[in-house]
Asks: 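If you scroll down you'll find the structure; I have some questions about it.
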Amino acid sequence: MKQHHLLELVVAMGIIASASIAVILNQQAIQVNTTGNVLNVATSGRVETLNSTTYSSLTASSTIGATIVGLYDRDANGNIISAVSDGQPDISLDSKCYVFHLRPYHWSNGARVTVQDFVYAWQRLADPKTGARNAARIDFLKNGTAVRSGRKPVSALGVHAISKTRLEVDLQQANPFLDEILADTPLLPINQAFAQKWGHDYGSNATRVLANGPYQITDWSGANDTTWRYVKNPAYAHAKRVQVKTIDFTSEADTSIGAKAFAAGKFDYAALSPQQVPSFQGTSQLHTQRTTTEAFVFFNTTTGPTTNQALRQAIAQAFDKRAFTQSRLRDGSQPLNGLIPAGLTNMSEGQDYRATTGQLLPYNLSKATAAWARAKKQMGVNRLNLTLTIADNPTAKIAAAYFAGQVEHNLPGLHITVKKVSLTKRVALETAGKFELVFSTWSPADSDPMNLLSFYQTGSRLNITGYSNAKFDAMCKQVEDAGAYPAKRLALVQKAERYLICQQVPSVGFFQQGTAYLLDPSIKRFPVMPSGAINYEYVKTK
């Protein structure tokens, strides 16, 4: 009880401080910080690596995407546009073989971006020796699964250099989302000679990565840095459309510090935590929106109490997600009942996939109670202690406290201990399977729902739950085989999602994340992508 009062006192003090900042915002003009064409950004995340093969966070992905572009990219509205590719590939009759023609892009060291840069990057992603967490993203290529699982050599991967400017891409199956996949961070090119020069240290600091995109990164010495800088890349093919020449980033784990500095005119953008949002309501600087970034609680399905399916079903239905998003977040977030987020993709008739598929395993106290009774009987226990591992950040802490309180109240006899660790440590524990429950977020890079299903396929490195099910694997194979028939493919995705979430429950959706931030009125255009990442290439000031 004392701990709860202390938490309430800390939150209250934070709200009072935030409220005073909101008053300042309403009473004084904010000094524009874009003097000299410099944008100052306060963010809550850090860059753990600039290696497009091994990154794990949205901050790293968006940073890599600001410095490197691939065959395709996204415009200010989030639409796919051609980039290094001219956007007019030669396509076989069965839509499984593409030949892309490369435009004259250059790396920041002056070298031309070649077909081999893509071949090398994709083989590196698939190579089991790399141990890439995103390796399953290569499965769209012919032999992708066999290569990443070590059954075939990397030379068998469906990507080949026909010439320095013609790239042949062979697909495992036709895929209607191919252009979006090819814009994803893991599929970006890597200069082979440069990367091999640095070996395992490639991407570990700003001097050990090359750029071919709108910005180069400087003043970043590694994962522990809390500041870094983007500088406009003069070698970028479309440098003329990049208006902001310099962007300075400061990572503030305590977002209230960034908000205070924003009020003092030191930042043009400041990320807000959910607790701060109510205090800035009514100010012109506050912006909120829903994103496609999702928050989940993952269960360890290979060891410990959470191998019990009834227990997982009980927990999944024992907490009120709508009450959480409305009372704790208030930043545009909404409940997530399923695997695929709202706004990610549409059915062939134009309806949103999530709306059409329905709410899977929503809050239902009577069903949760019944499942908890079954679980206790099956395990032969009346009381159970579980540990929920989270990264030490504001949103995770709020979510974990709410989740634990709801589950403990609604399932008497079940106790949840929250274990806070660094993001790096949490990822390491996930990878090693050393957890019972873990809270984690994921940002889909494209609108193909199959990417989310593939998390749970046997052998996927993203499958931290350890879940393995032959029936589900077969269902995913059916989805892949239907690539040339988009409507049929999405119907099969629905079937697989319902089976996975409603019956198997390797994870439970928590909420679809919103983003809340303060923005200086001097910023005319500030494109926030569906994932919540900012497309700095198209930022414009008044």
Asks: Distance-only, no hydrogens or angles: does the Gln513 side chain make a donor-acceptor pair with backbone N or O of Arg290 under 3.5 Å?
Replies: no
Asks: Please determine, by modelled atom types, if Gln457 and Ser454 share a side-chain donor-acceptor pair under 3.5 angstrom.
Replies: no
Asks: Can you tell me if Lys232 has over 12 outside heavy atoms packed within less than 6.0 Å of its NZ?
Replies: yes
Asks: Which heavy atom of Val69 sits nearest to which heavy atom of Pro189, and what is that distance?
Replies: O-CD, 3.3 Å
Asks: Check Phe403, Phe510, Phe319 against Phe324 for a ring pair (Phe, Tyr, Trp, His ring centres under 6.0 Å) and give me the one that passes.
Replies: Phe510
Asks: If you draw a 6.0 Å radius around CZ in Arg322, do more than 12 non-hydrogen atoms from other residues or ligands fall strictly inside?
Replies: no
Asks: Ignoring hydrogens and angles, state whether a donor on the side chain of Thr255 or Gln276 is under 3.5 Å from an acceptor on the partner side chain.
Replies: yes
Asks: Is there a side-chain hydrogen bond (donor to acceptor under 3.5 Å, both in side chains) between Asp520 and Ser522? Walk through the geometry before answering.
Replies: CA-CA 5 Å; Asp520 193 284; Ser522 66; 2.8 Å; yes
Asks: If you count heavy atoms of other groups shown closer than 6.0 angstrom to NZ of Lys367, is the number above 12?
Replies: no
Asks: Between Gln317 and Tyr363, is any side-chain donor less than 3.5 angstrom from a side-chain acceptor?
Replies: no
Asks: Given side chains that start at C-beta, do those of Val493 and Leu453 come closer than 4.5 Å, heavy atoms only?
Replies: yes
Asks: Is any side-chain heavy atom of Pro506 less than 4.5 Å from a side-chain heavy atom of Tyr456?
Replies: yes
Asks: Can a donor-acceptor pair be found, under 3.5 Å and without considering hydrogens, that links the side chain of Glu537 to the backbone of Ala66?
Replies: no
Asks: Ser108 side chain to Ala211 main-chain N or O, any donor-acceptor pair under 3.5 Å?
Replies: yes
Asks: Indicate, with yes or no, if the rings of Phe267 and Phe262 have centres closer together than 6.0 Å.
Replies: no
Asks: Using the ring centroid of each side chain, check whether Phe249 and Tyr269 are separated by less than 6.0 Å.
Replies: no
Asks: Before giving the answer on side-chain hydrogen bond (donor to acceptor under 3.5 Å, both in side chains), spell out for Ser333 and Asp331 the whole-Å C-alpha distance, their side-chain angles and the decisive distance to 0.1 Å.
Replies: CA-CA 6 Å; Ser333 297; Asp331 59 357; 2.6 Å; yes
Asks: Who are the side chain to side chain donor-acceptor pair (under 3.5 Å) partners of Thr465, not counting sequence neighbours?
Replies: Asn463
Asks: Sequence neighbours left out, cut at 3.5 Å: what donor-acceptor pairs do the side chains of residues 435-445 make with other protein atoms?
Replies:
from, atom 1, to, atom 2, distance (Å)
Glu436, OE1, Thr387, N, 2.7
Ser440, OG, Arg426, NH2, 3.1
Ser443, OG, Thr293, OG1, 2.6

